[in-house]
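Below you'll find the structure, written out as structure tokens, and then a few comments.
Values reported hereafter were calculated over all heavy atoms of this structure, with side chains retained and with hydrogens, waters and symmetry mates removed. Chain A is the first sequence line, chain B the second, and so forth, proteins listed ahead of strands; every chain is numbered from 1. The structure displayed is predicted, hence computed values, not measured ones.
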Amino acid sequence: MTDPLDSLFSRVLGARIFADRERMRPDYVPDDLPHREGQILKLAEILAPSLKGSRPSNIFIYGVPGTGKTAVTKYVLKKLEAEGRKIGVDLGLAYINCKHDDTNYRVLADLCEAAGERIPFTGLSTSEVFRRFVRLVDASGKMIFAVLDEVDALVKKTGDKALYDLTRINQRLERTRISIVGITNDLKFMEYLDPRVRSSLGEEELVFPPYGASELEDILSRRAAVAFNEDTLDAGVIKLCAALAAKEHGDARRALDLLRISGEIAERNGDPRVTEEHVRMAQREIERDRVVEVVRTMPLHSRILILSLHLLSGKGGKGGSTGELYDLYSSISKNMGLEPLTQRRVSDLINELDMLGIANAKVVSKGRYGRTKVVSLSISTKNLKEALQDDPRVGVLIRR
DNA sequence: CGTCCACAGGAATGACGGGCGG
DNA sequence: CCGCCCGTCATTCCTGTGGACG
């Protein structure tokens, strides 16, 4: 597998950590997916009738990020297609990432392409594309699989009309069928849907539970065996990566990223082996990048809020209540000559920070003394400072 | 066991900006 | 190109509530 030149270069450059870096990339789909055998089987079972020419049920797949939803789906469809080719059944596969293609038009255009016709990327009305698609599919007699990855993005942006149309397509088709596989991270997603769409889309459901620490460890070591050179990983490295990622909701992508970046750091430093120290550095680097990225795109008031939070928890305490936080926030705002936002609004901003993993917010009832939300920062001070640094107005206040 | 604190968080509404169809 | 519509941010007003205190 290893290109002779690759190994030559790495010997010359002394960078011998990775054997095949490609296999550590987040979008790489491996040939074996450990601990997802059940899901693979179930999905295959549901989709298999297509090989006999009957329409498989529509499926809905749930699971938090990094639980292998996309990988399993791609894997099963690939196998299915191969099997179909063997026995002479032509299947049309459309893998659509709705985060990327987030308009009805583009989704339909992709589907047409899967059915074998290119559609101009603009110029036709959406309903015209829809009609063409129906005609096309009916004429070709192909069974079409529409995989809608991250459907929640599509629905949030354009509503569930597109999904509704798709589920109804079968009624307009005479010779063939279309089967929909919806994938989402959002566990409550179904509630947003029209009941009619819900019932026809959710004929079958498949849940991907988060990986546990030992499962992550297994996944990592299998991947490391092919991606890293032998004997370049210290004993505890994989275990540590797995443990850190398990804390982050069992996200396998996070675990793999962690391991890859650890390797890259070791390589940059010219170290022969990846150590636990490298993993910790990688962890910090990932967090820093995320925080800086998030904070940079945040509006001024949210930054002031973060700053207030920082000052509040800086004074020894473990965060503070909404009231304390709001008081501090509004006095800072006034000092800067800004009209503070309402408490109501700030309450939403706090929830937002919580969602983004920058703060922890927890409702606590203190009985007689009210009911509040205790908020604390969940990122390191160092990263925070770096993230706020480049803001001319807030940055000044944090150097202290 | 009821009260009552200190907010949470829903609903209605308005201001603003940006995209899209005609 | 324009107007319309829609989404986002923000405010106002409001009802709801866990549980220590009395």
Whole-Å distance between [N] [atom2] and [X] [atom1]?
X        : N      : atom1 : atom2 : value
A:Ile350 : B:dC7  : CD1   : P     : 10 Å
A:Arg368 : B:dG2  : CZ    : C1'   : 11 Å
A:Arg345 : C:dC13 : CZ    : P     : 18 Å
A:Leu349 : C:dT11 : CG    : P     : 9 Å
A:Gln343 : C:dC13 : CD    : C1'   : 14 Å
A:Asp348 : C:dC9  : CG    : C1'   : 10 Å
A:Lys366 : C:dC21 : NZ    : P     : 12 Å
A:Arg371 : B:dA6  : CZ    : C1'   : 10 Å

Check each of A:Glu287, A:Arg290, A:Arg288 against A:Asn383 using the side chain to side chain donor-acceptor pair (under 3.5 Å) test, and report the only one that passes.
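It is A:Glu287; the other options fail the test.
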
Cation-pi between A:Arg21 and A:Phe228: NZ/CZ under 6.0 Å from ring centre and within 45° of the ring axis?
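No; the conditions do not both hold, so A:Arg21 does not lie above the ring face of A:Phe228.
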
Does A:Lys69 make a cation-pi contact with A:Tyr62 (under 6.0 Å, within 45 degrees of the axis)?
no

Check the surroundings of atom CZ in A:Arg55: do more than 12 heavy atoms from other residues, nucleotides or ligands lie under 6.0 Å from it?
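Atom CZ in A:Arg55 is crowded, with more than 12 foreign heavy atoms closer than 6.0 Å.
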
Review item, nucleotides 10-13 of chain B N/O atoms under 3.5 Å of protein N/O:
unit_1 : atom_1 : unit_2   : atom_2 : d
B:dG10 : N7     : A:Arg344 : NH2    : 2.9
B:dG10 : O6     : A:Arg344 : NE     : 2.8

May I ask you to say whether A:Arg260 pairs ionically with A:Glu264, meaning some side-chain N is under 4.0 Å from a carboxylate O?
yes

Check A:Asp257 with A:Arg253, please: is the shortest side-chain N to carboxylate O separation under 4.0 Å?
no

Would one find a side-chain N or O of A:Lys373 under 4.0 angstrom from OP1 or OP2 of B:dG9?
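Yes.
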
Please tell me if A:Ser347 has a side-chain N or O lying less than 4.0 Å from either OP1 or OP2 of B:dC7.
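Checking A:Ser347 against B:dC7: no side-chain N or O falls below 4.0 Å of OP1 or OP2.
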
Is it the case that C:dG19 (base atoms only) and A:Ser365 (side chain only) share a donor and an acceptor within less than 3.5 Å, ignoring hydrogens and angles?
no

Let me confirm one number: the CG-CD1 distance from A:Leu216 to A:Ile238, rounded to the nearest 0.5 Å.
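Answer rounded to 0.5 Å: 11.5 Å.
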
Using a heavy-atom cut-off of 4.0 Å across all strands, would you classify A:Asn351 as base, sugar-phosphate, or nothing?
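A:Asn351: backbone/sugar contact only, no base atoms under 4.0 Å.
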
How close do A:Ile40 and A:Val72 get, heavy atom to heavy atom, and via which atoms?
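For A:Ile40 versus A:Val72, the nearest heavy atoms are CG1-CG1, 3.9 Å.
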
Over the length of the helix from B:dC1-C:dG22 to B:dG22-C:dC1, how much do the five-pair end axes diverge, rounded to 10 degrees?
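Nearest ten degrees gives 20° for this helix.
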
Are the side chains of A:Glu352 and A:Leu349 in contact, using a 4.5 Å heavy-atom criterion?
yes

